[in-house]
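Comments concern the structure below.
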Amino acid sequence: MTLEEDINQHVFRTEYQKSILNLIFTFNWMNERVNRFFEPFDITQQQFNILRILRGAGQPLSTLQIRQRMLDKMSDTSRIVDRLVRKGMVKKSVRREDRRLVDVLLTDKGKKLLQTMDGLNEEMESIFKYLSVDEAKQLNFLLDKIRTVEKPAEDGSDKTPITA
């Protein structure tokens, strides 16, 4: 189905406006499907993201380090970590050298959940079943390009593209 059919709008001011609306609509469409994927595991996308970050790091991380790696930068990392602690998925430990800092580490229960969910990667990726690998690569390229912003160079002489 096309965006025009989905939202019952057939005229857009520009192709850029249509692209913005299409990204927003598609984000919400995907979000619904991804949330359904997580429901049986009683876990949110943000919780899953934190578990994967910890597994990928292979060592305890501070909540600041976790926040820097999060997909959703607006997440309240400390609160999400506390929920994962209550579920037994992660543990917190106070650093010896600086008792104000807390490290978060993945528990065996968290590792087992991720292993179970790893077996369902194909199901989750089926959202993209109508794209070829080359189309998926192109989509990734275009999405990265959209997030490229202009930032003045250090000396103020030029604009240097950076990714946000």
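Keep in mind that this is a model prediction, so the values were computed, not measured.
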Rounded to the nearest 0.5 Å, what separates atom [atom1] in [X] from atom [atom2] in [Y]?
X: Gln65; Y: Asp103; atom1: CD; atom2: CG; answer: 7.0 Å
X: Leu142; Y: Glu135; atom1: CG; atom2: CD; answer: 11.5 Å
X: Thr63; Y: Ile50; atom1: OG1; atom2: CD1; answer: 9.0 Å
X: Gln115; Y: Leu113; atom1: CD; atom2: CG; answer: 9.5 Å
X: Leu120; Y: Phe37; atom1: CG; atom2: CZ; answer: 4.5 Å
X: Asp134; Y: Leu139; atom1: CG; atom2: CG; answer: 12.5 Å

Atom [atom1] of [X] with >12 non-hydrogen neighbours under 6.0 angstrom:
X: Glu5; atom1: CD; answer: yes
X: Gln138; atom1: CD; answer: no
X: Arg96; atom1: CZ; answer: no
X: Arg52; atom1: CZ; answer: no
X: Lys92; atom1: NZ; answer: yes

| Any Ser78 side-chain heavy atom under 4.5 Å of Arg67 side chain |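 Side-chain contact under 4.5 Å: yes.
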Next on the checklist: Does either side chain, that of Gln45 or that of Asn31, offer a donor lying less than 3.5 Å from an acceptor on the other one?
Outcome noted: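 Present: a donor and an acceptor within the cut-off.
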Measure across [X] and [Y] and return the closest heavy-atom pair with its distance rounded to 0.1 Å.
X: Asn49; Y: Asp72; value: OD1-N, 4.5 Å
X: Met124; Y: Val34; value: CE-CG1, 3.9 Å
X: Phe48; Y: Leu114; value: CE1-CD2, 3.7 Å

Donor-acceptor contact present, side-chain [X] to main-chain [Y], <3.5 Å:
X: Thr107; Y: Met89; value: yes
X: Lys18; Y: Leu3; value: no
X: Ser126; Y: Lys129; value: no
X: Lys109; Y: Lys87; value: yes

In terms of hydrophobic clusters joined by side-chain contacts under 4.5 Å, are [X] and [Y] together?
X: Val94; Y: Ile66; value: no
X: Met70; Y: Phe38; value: yes
X: Ile127; Y: Met117; value: yes
X: Ile146; Y: Leu131; value: yes
X: Leu106; Y: Phe41; value: yes

What's in the same ILVMFWY side-chain cluster as Leu64, cut-off under 4.5 Å, chained through other members?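 Once heavy-atom contacts under 4.5 Å are chained together, Leu64 still belongs with nothing else.
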Atom pairs and distances, side-chain donor-acceptor, residues 23-30, under 3.5 Å, sequence neighbours left out:
residue : atom : partner : partner atom : Å
Thr26   : OG1  : Asn22   : O            : 2.7
Thr26   : OG1  : Asn22   : OD1          : 3.2
Asn28   : ND2  : Ile24   : O            : 3.2

**OP:** Take Leu51 and Arg55 through the side-chain contact (heavy atoms from CB on, under 4.5 Å) test and state the conclusion after the steps.
**Re:** CA-CA 6 Å; Leu51 294 175; Arg55 179 175 67 179; over 6 Å; no
Q: Check the pair Arg83, Thr44 against side-chain contact (heavy atoms from CB on, under 4.5 Å), reporting the backbone distance first and the verdict last.
A: CA-CA 10 Å; Arg83 285 191 203 120; Thr44 66; 5.9 Å; no
Checking side chain to side chain contact (heavy atoms under 4.5 Å, CB included) between Val90 and each of Leu105, Asp82, Leu54, Ile80, which is the one that passes?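 Testing each of Leu105, Asp82, Leu54, Ile80 against Val90, the sole residue satisfying side chain to side chain contact (heavy atoms under 4.5 Å, CB included) is Leu54.
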What residues, two or more places apart in sequence or in another chain, satisfy side chain to side chain contact (heavy atoms under 4.5 Å, CB included) together with Arg13?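 So Arg13 forms a side chain to side chain contact (heavy atoms under 4.5 Å, CB included) with Gln17.
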